[in-house]
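The analysis underlying the following values was restricted to heavy atoms, covering all of them including side chains, and did not include hydrogens, waters or symmetry mates.
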Amino acid sequence: MATGLTEFLDNFVKNHDNRQLLAIPLAVLAVSLVVLLVSFASSGSPVTLGMEFQGGTQISVETTDSPAMLEEIYSSYPLKDARQTGNRVSMQFGVMDNEEQRQLEEDVMGRYSNVEIKQIGPVYGQELQVQALQALFISFIGMSIVVFLIFRSVTPSFAVVLSAFSDITIAAAFMRVAGISLSLGTLAALLMLIGYSVDSDILLTNRLLKRRGTVGEKVSRAMQTGITMTTTTLAALVVMYVVSTFPYLIIPSFTQITLLSQISSVLIVGLLADIMNTWLLNAGILRWYVTKPEFRGRYNR
């Protein structure tokens, strides 16, 4: 898989100029930004916030009733979602006052067995929103400083940061379209994308700026290593997604592991975006940079 993809990308990079390389990833980034802006304008948040970030109650029960039946039974409560995973149905409710919360719990406990209840207050959820934004902001600032210290040049550092930003933006837009909410797990997946993105981008930048050879040769050699690294991680994530999403198709008593399924799907989309951004966006910017008249002697030797 890696060899065929590498050959395809290598030929694509060699046969297109820098503007053509940049056009595809920038178009995808623009569409992703539009998705997030529309979501922000309509709901007040670029992505759907999970219960951890807005408060509420999650109740999981073991039952043969369908999610549609439970939605009808609990329609008088602020029920936001009901999903079946194996022999259990998980319901997510919005914020309720103490009396309504008590009535709901008594109702559920009286109807069903093996009930699991998880409640998060709205104040705690707002605090988590602030901490999540701080984590993303600090991660980008720290990454920018480290990359600039390594290469001591603005353009390569900007390309690395832009590529990481695009990876996260595309993954966040996918979450909005696919209906995956922002939870502590999916937030961790977005933060992990920064590490994966910087890994491949620094590999490419380091090979282009610090190794000998023509620009085309250095991009090809970096691509061989980078694509192998990324596709190896992708293969492991695909296995994790299948195992966590479809175990009940083989053994009905097994339930879907929703958090692992969401984390793996976000990382899969983010890494596919990283392949595009590293070897088209970043490669296009760097190829333009190192072939500028003042740098031709320095980076083409």
Side-chain angles (χ1 to χ4, degrees), residues 1-3 5-6 8-10 13 21 24-26 28-29 32-33 36 47 132 135-151 156-176 178 180 182-208 219 221-244 259-286:
M1 177 183 173
T3 303
L5 179 60
T6 305
F8 171 78
L9 278 173
D10 196 21
V13 171
L21 292 185
I24 297 175
L26 288 179
V28 176
L29 174 61
S32 301
L33 285 171
L36 297 179
V47 294
L136 278 173
F137 183 73
I138 292 172
S139 298
F140 265 95
I141 294 295
M143 176 185 65
S144 305
I145 293 173
V146 170
V147 171
F148 183 77
L149 290 175
I150 291 174
F151 298 109
S157 304
F158 169 76
V160 172
V161 173
L162 177 62
S163 182
F165 172 75
S166 181
D167 287 353
I168 290 182
T169 302
I170 293 170
F174 163 75
M175 288 172 58
R176 186 67 182 87
I180 298 175
L182 183 69
S183 64
L184 293 177
T186 50
L187 173 65
L190 292 176
L191 291 175
M192 278 190 281
L193 281 177
I194 295 178
Y196 284 125
S197 176
V198 170
D199 220 18
S200 54
D201 288 326
I202 286 185
L203 167 70
L204 171 63
T205 309
N206 192 56
R207 293 285 177 90
L208 269 176
V219 171
R221 287 198 291 266
M223 195 178 289
Q224 290 283 348
T225 306
I227 294 293
T228 302
M229 288 164 48
T230 307
T231 51
T232 302
T233 308
L234 269 173
L237 288 170
V238 169
V239 172
M240 187 169 88
Y241 175 75
V242 171
V243 170
S244 60
L259 181 59
L260 283 182
S261 175
Q262 292 180 342
I263 289 174
S264 54
S265 60
V266 171
L267 285 174
I268 288 170
V269 172
L271 286 182
L272 290 174
D274 182 55
I275 290 176
M276 176 186 67
N277 287 320
T278 300
W279 305 111
L280 298 184
L281 178 64
N282 200 359
I285 295 174
L286 287 175

- Would a distance-only check, ignoring hydrogens and angles, find a side-chain to backbone donor-acceptor pair under 3.5 Å from Ser265 to Gln262? yes
- Write out all pairs satisfying side chain to side chain donor-acceptor pair (under 3.5 Å) with one or both partners inside residues 162-173, taking only residues at least two apart or from two chains. Ser163-Asp201, Ser166-Asn277, Asp167-Ser197, Asp167-Asn277
- Could you pull out all residues at least two apart from Ser261 that satisfy side chain to side chain donor-acceptor pair (under 3.5 Å)? Thr245
- Task: Could you tell me the separation between the CH2 atom of Trp279 and the CG atom of Leu204, rounded to the nearest 0.5 Å?
- Result: 5.0 Å
- Message: Any non-hydrogen side-chain atom of Asp199 less than 4.5 Å from a side-chain atom of Leu203?
- Response: no
- Message: To check you understand the geometry: which heavy-atom pair defines the closest contact between Leu267 and Met192, and what is its length?
- Response: CD1-CE, 3.9 Å
- Query: What pairs with Val147 under side-chain contact (heavy atoms from CB on, under 4.5 Å), at least two apart in sequence or on another chain?
  - Reply: Met143, Phe151, Ser157, Val160, Ile202
- Applying side chain to side chain contact (heavy atoms under 4.5 Å, CB included) between Ile268 and each of Leu234, Ile263, Thr233, report the one that passes. Leu234
- Query: Between atom OG1 of Thr231 and atom CG of Leu5, what is the distance when rounded to the nearest 0.5 Å?
  - Reply: 7.0 Å
- Task: Answer yes or no: is there a side-chain heavy-atom contact under 4.5 Å between Leu193 and Asp274?
- Result: no
- Query: CG of Asn282 to CG of Leu162: how many Å apart, nearest 0.5 Å?
  - Reply: 8.5 Å
- Message: Once rounded to the nearest 0.5 Å, what's the spacing between atom CG of Leu191 and atom CD1 of Ile138?
- Response: 10.5 Å
- Given side chains that start at C-beta, do those of Ile180 and Phe174 come closer than 4.5 Å, heavy atoms only? yes
- If you measure from CD1 on Ile285 to CG on Leu208, what distance do you get to the nearest 0.5 Å? 12.0 Å
- Between CG on residue Leu259 and OG on residue Ser264, distance to nearest 0.5 Å: 9.5 Å
- Item | Side chains of Phe165 and Leu29 in contact at under 4.5 Å (non-hydrogen atoms) | yes
- Item | Side-chain heavy-atom pair Met223, Val219 within 4.5 angstrom cut-off | yes
- Item | Nearest heavy-atom neighbours spanning Ile170 and Ser32 | CG1-OG, 3.5 Å
- Message: Can you give me the closest heavy-atom contact between Ala172 and Val47, atom names plus distance?
- Response: O-CG1, 3.7 Å
- Query: Okay, side chain of Thr278, backbone of Ile275: is any donor-acceptor separation there less than 3.5 Å?
  - Reply: no
- Side-chain contact test, heavy atoms from C-beta onward, threshold under 4.5 Å: evaluate it for Leu182 versus Leu190 and give yes or no. yes
- Message: Quick one about Thr186 and Ser183 (side-chain donor to acceptor, distance below 3.5 Å, no hydrogens or angles considered), yes or no?
- Response: yes
- For the residue pair Val161 and Ser144, what are the closest heavy atoms and their distance? CG2-OG, 3.5 Å
- Message: Under the side chain to side chain contact (heavy atoms under 4.5 Å, CB included) test against Thr205, which residue among Val198, Leu286, Ile150 passes?
- Response: Leu286
